[in-house]
Structures are given as structure tokens and as C-alpha cells.
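Take a look at the structure set out below.
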Amino acid sequence: MEKLLGTDTVKRGMAQMQKGGVIMDVINAEQAKIAEAAGAVAVMALERVPSDIRAAGGVARMADPRIVEEVLNAVSIPVMAKARIGHIVEARILESMGVDYIDESEVLTPADEEYHLLKSDFTVPFVCGCRDLGEAARRIGEGASMLRTKGEPGTGNIVEAVRHMRKVLSQIRKVSVMSDDELMTEAKILGAPYEILREIKRTGKLPVVNFAAGGIATPADAALMMELGADGVFVGSGIFKSENPEKFATAIVQATTYYTDYELIGRLSKELGSAMKGIDISKLAPSERMQERGW
Amino acid sequence: MITIGVLGLQGAVEEHLNQIKAAGEQAIIVKKPEQLKEIDGLIIPGGESTTMRKLMDRYGFMEPIKTFFELKKPVFGTCAGMVLAAKKLTGDEEAYLGLMDISVKRNGFGRQRDSFEAQLSIKGMEEPFTTVFIRAPFAEEIGEDVEVLALYEDHVVAARQEHVLVSAFHPELTGDNRFIQLFIEMVKESISKVEVKMC
């Protein structure tokens, strides 16, 4: 009875258990408990939510381990945390603390502008952002066990998440019907590892779960992403930047479970107060767009 | 053909549906309590037990599932489903559905970094089964009427009591359909018992 830790099945399986759920950004134990009570499937422990990272400027790093520890002790649902792109040691610290999933995230300031983490080296599973199938396949190639759209974090604007989800899914459809002899050139064009692209072509889907993230600010936004084919949603600034976080979080969970029950979503949306104030993407200079980070 | 429902509030729903369909039976996603009337057996899938419990409360599933179970219709709980099916939970946490006479320790094997795969022999199955444990629970105490199907490091990780089946691991994440076959047999058995009574 040999015990195998950190296998692909175990790492990808963990994300499969999160499907149909909402993962919420929290900055302390109190928020984590609110998220858990609202029905979140996991919380993402961080020092500042993306909209505050945007406002504060400067270098955004892994959360203070005290915050991560506080959140780990506060809830029984899984706890995720963010490490900077390419920051091996931040990721190892989070792994050693017993974090259940690490987000190698463009929301933080990258530590490496050329290479991502070799995620297959770790026992802890990783989630990474992607904007298209090439990026998705590269991250899977490095060992990511879960994907999410990058969207544009901290904007409360869903447009980029929609763009990224649609792009990935339409590229999968295209690859699925391609003839075998066209695949290598497609891999070259997409910048995707050939073997992974071949698997995607054979099965017609990604080998890992793909959530929506980056700009979800209302229950209707969450339902939209589910309708477009997301396996679940991450909500960052949306919840704790809204007028009534408890109500808001509960409504987002319900809208994600029953994403085609429009009457319900309408009813949920009526009593929420105002959502976070959004940002028009065209007003963001390219250097301010977090989605450009990652290679 | 029998119809098996998979509780579809959250978790690995699709994986179970695919296995049921591959075994040649009908599968539906149960999102509303009234759908329990349409099915012969219910699977409570893996997912986050804390979350699923809250959603079951919010959407009024608790009593209808208990009634479904009292009608002798089989229930299969994997991982989170096992936690929800237990009569007792270790610690001060209150049990939920109370379908099986076991005391379950949630995340008994630890957090995600302790999640693992192992080859396990299962009672009634000739070849070992590839078992996938993810933040998995185990049963610490079992009642007299509970039949232990598998142990890992002396912990009960699969069991059956009359028409309820539980596993701490995820048979739906493997290509092996022997566990779902076992449940399908239980469902067929329960239908034939009802038919005998009606004659």
C-alpha cells in the first residue's frame, strides 16, 4: 500500500472538488469566516484585495505569513494563497505552511519576467491565469493543476474575463476539429506544448478545471461566466468592496449554483445595494494592466 | 434502466454522471429537492462538505433526502458525501443527515499536501482499487450493523450499511467503475425488494 503524494490526479482532483463553487479573496480571519458562512468553497488569503493593490501601487508580494496562518486557523474550507510569478521561495513558504492551493498570480508584482514556477516540482497544487489556449497549455506544461481566466483584476469590469473565457473555449473548439497534420503548426502559432495540445484535441477539453476570475462584481457577472462555460468563479475585490459583504457573498454563491435561474438572480440582485465602483479598461494604461504579466 | 441522481449543488458532479452513463444507466443532476422523486438512487458527490451542507440547508434538501432514505432508496456518499451521511462527527461539530452509524473525522488524513493515491484491496473485489484521497475523512467508530469494505492504515475508508454506501476516496476520479457497479447493484436490489412487496 504505497502512498503516493502530490500526483496529478490528487492535485487536479482537488480543483475538481471545487467545481460549481465560489472562491473568495479575504484579508483576515473575520472575512474568511464571512466567506465560509456564505458558502464559499475556498478562500484566497491575501494582504490586500486587487483593487487596493492597484490603488496602493508599489511592489505587491506574498501575504504576510501571519495573515495566511490566521486564515488557515479560522476556517475548515480549503485555503489558497498567492505567490509572485516565478518566486520559488514564496511558493515553498506557502507550501510549508500547509496552504491547500497556490495561485501563481499576476495580481502580485512578478519576481521573474521570463520564467514561471516549475509547478510539477511541488506537492501543493497550483492555479494560474490564462488569456488564451497557448498560455493555458504552457501553464499546464509547467504543472498547473487548475486554470482561471486572468480577466483584469481589481476593476470590477467583467469584459476581460469574458474575452479570455471565450478565447480559450473557441480555440479548443478549433483545435478539436483540426486534422492531425495541422496540429504542430498550430502548437507553434499558439506557443503551446505539442503533447498537451494533442491531448486537448483528443478529449475536446482542458485536462484541468478552468475557473473565471478578474472583474466579477455582481451575481449576474458570476452567472454569466458559468453560462459561458466556467467551472466556477473567483471573486476578488467584488465582495468585501461592496456595501453588504455577507449578503453579497451569499448572492454570488446562489447565482453560481443556479446560474440559469434568471428569476432567482433578479431577486438576489434587488436588495444588494451598490456593487464596487468599476474601472473602464480603456482608461487603464497598458502598464497598469495586470493581465499583461505572465509569459 | 434505473435512474441515479447526483446532488448537483457543488463538487465533482460531472465525473459521477459520466461513470453512471458509462455503466449504461440513466443519470440526472439533482438541483431541486422535488427531483428526488424522479430517481432510484442518490449520489452525494465529493466537494466541500462545509459548503455543501450550507447549500443543502439553504435550498431545503435535508428533510427530503431523509425521507428519500426512509423509503429504502439507496444513497452513496463519496468524501464530502461520507461526512454528510455520518451519524456522528468527531469534535463538537453536529452531524448532518445521519444515514449511517459511523463517526467520521473530517479531513482525517490532513490538508491538501497530505492528499494521496494508494492501491487498496476492497472487500468483494478481486483486484486492488486505485483510491484517490483528497483532504479525505475517515470513520473512527462504526456501529454493529456497518460492514467495513476497506481500511487504510487501520482507518475505515469504505463501508456499507443496508442501503447506504460511503467511501472516503473518489472512485469517480478513476477509470475504474467497480464502485459505481456496486451502487447500481444496490439500487437494483432495492427496486426488486419494493416490487416483491407490491405483489
Side-chain angles (χ1 to χ4, degrees), chain A residues 1-24 33 35-43 72 75-80 94-102 122-126 145 205 209 231-232 250 253-254 256-261 264, chain B residues 7-16 29 31-32 45-59 78-81 83 89 91 93 106-107 109-121 128 130-136 150-153 157 169-170 172-175:
Chain A
M1 289 202 287
E2 198 196 346
K3 192 174 193 170
L4 301 169
L5 296 168
T7 62
D8 277 351
T9 310
V10 161
K11 284 156 68 168
R12 292 174 180 183
M14 160 73 202
Q16 285 168 275
M17 298 307 139
Q18 300 267 301
K19 284 197 293 184
V22 182
I23 299 167
M24 302 182 190
K33 283 183 179 149
E36 185 176 50
V41 287
V43 289
L72 278 168
V75 293
S76 70
I77 53 176
V79 175
M80 303 186 171
L94 293 171
E95 181 180 52
S96 75
M97 293 182 70
V99 161
D100 296 295
Y101 237 92
I102 297 176
F122 290 71
T123 305
V124 65
F126 281 83
S145 312
K205 58 187 180 75
V209 161
D231 290 313
T250 308
V253 170
Q254 291 201 51
T256 304
T257 312
Y258 294 108
Y259 62 91
T260 53
D261 189 341
L264 170 80
Chain B
L7 186 64
L9 296 177
Q10 187 271 311
V13 179
E14 189 191 356
E15 291 77 357
H16 275 294
I29 303 178
K31 284 208 157 194
K32 305 234 157 113
E48 291 311 320
S49 62
T50 311
T51 306
M52 237 186 267
R53 177 177 179 149
K54 291 203 160 67
L55 299 182
M56 283 163 83
D57 272 341
R58 201 174 290 157
Y59 308 131
T78 57
C79 195
V83 175
L89 296 180
E93 219 181 334
R106 208 150 47 88
N107 304 135
F109 289 105
R111 304 194 71 99
Q112 174 60 22
R113 63 176 172 194
D114 310 304
S115 296
F116 62 98
E117 275 182 66
Q119 296 292 319
L120 218 57
S121 58
T130 302
T131 50
V132 182
F133 290 86
I134 296 171
R135 289 170 47 94
L151 289 169
Y152 186 82
E153 289 174 349
V157 292
F169 49 86
H170 294 279
E172 77 280 9
L173 294 186
T174 65

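Quick note on labels: first sequence line is chain A, next is B, and so on, each numbered from 1. Worth knowing before you read on, the calculation uses all heavy atoms, side chains too, and leaves out hydrogens, waters and symmetry mates.
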Quick check on the interface: out of A/Val41, A/Thr123, A/Val124, who has the most heavy-atom pairs with chain B under 4.5 Å?
A/Val41
Enumerate the salt bridge (Lys or Arg N to Asp or Glu O under 4.0 Å) contacts for residues 8-23 of chain A, please, sequence neighbours excluded, ordered by first and then second residue.
A/Lys19-B/Glu14, A/Lys19-B/Glu15
Sorted by chain and residue number, the side-chain hydrogen bond (donor to acceptor under 3.5 Å, both in side chains) partners of B/Arg111 (sequence neighbours excluded) come out as A/Asp100
Residue pair A/Glu2 / B/Gln119, side-chain donor-acceptor N/O under 3.5 Å:
no
For atom CG of A/Leu264, decide whether the heavy atoms of other residues, nucleotides or ligands shown that lie under 6.0 angstrom number more than 12.
yes
Where on B/Leu173 is there a heavy atom nearer than 4.5 Å to chain A: the side chain, the backbone, both, or neither?
both
Between OG on residue A/Ser96 and CZ on residue B/Arg113, distance to nearest 0.5 Å:
7.0 Å
Report which part of B/Asp114 has an atom under 4.5 Å of a heavy atom belonging to chain A: side chain, backbone, both, or neither.
backbone
Please check this pair: side chain of B/Gln10 against backbone of A/Met17, looking for a donor-acceptor N/O pair closer than 3.5 Å.
yes
Would you check if B/Glu153 and A/Lys3 make a side-chain contact, meaning some heavy-atom pair closer than 4.5 Å?
yes
Closest heavy-atom pair, B/Ser115 versus A/Leu5, reported as atoms and distance to 0.1 Å, is O-CD2, 3.3 Å
The interface call for A/Ala40 against chain B, heavy-atom contacts under 4.5 Å, is backbone
Looking only at A/Val75, A/Val10, A/Val209, A/Thr9, the option with the highest number of non-hydrogen pairs under 4.5 Å against chain B is A/Val10
Quick check: closest heavy atoms across A/Tyr258 and B/Lys31, and the distance to 0.1 Å?
OH-O, 2.6 Å
Value for CD (B/Gln112) from CD1 (A/Ile102), rounded to nearest 0.5 Å, stands at 11.0 Å
With chain A, the option among B/Lys32, B/Arg106, B/Arg58 that has the most non-hydrogen atom pairs under 4.5 Å is B/Arg58
Between B/Thr51 and A/Val22, is the side-chain contact (heavy atoms from CB on, under 4.5 Å) condition met? List the steps.
CA-CA 10 Å; B/Thr51 306; A/Val22 182; over 6 Å; no
Which region of A/Glu95, side chain (C-beta onward) or backbone (N, CA, C, O), has a non-hydrogen atom less than 4.5 Å from a non-hydrogen atom of chain B, or is it both or neither?
backbone
Could you tell me which portion of A/Val79 (side chain, backbone, both or neither) has an atom closer than 4.5 angstrom to a non-hydrogen atom of chain B?
both
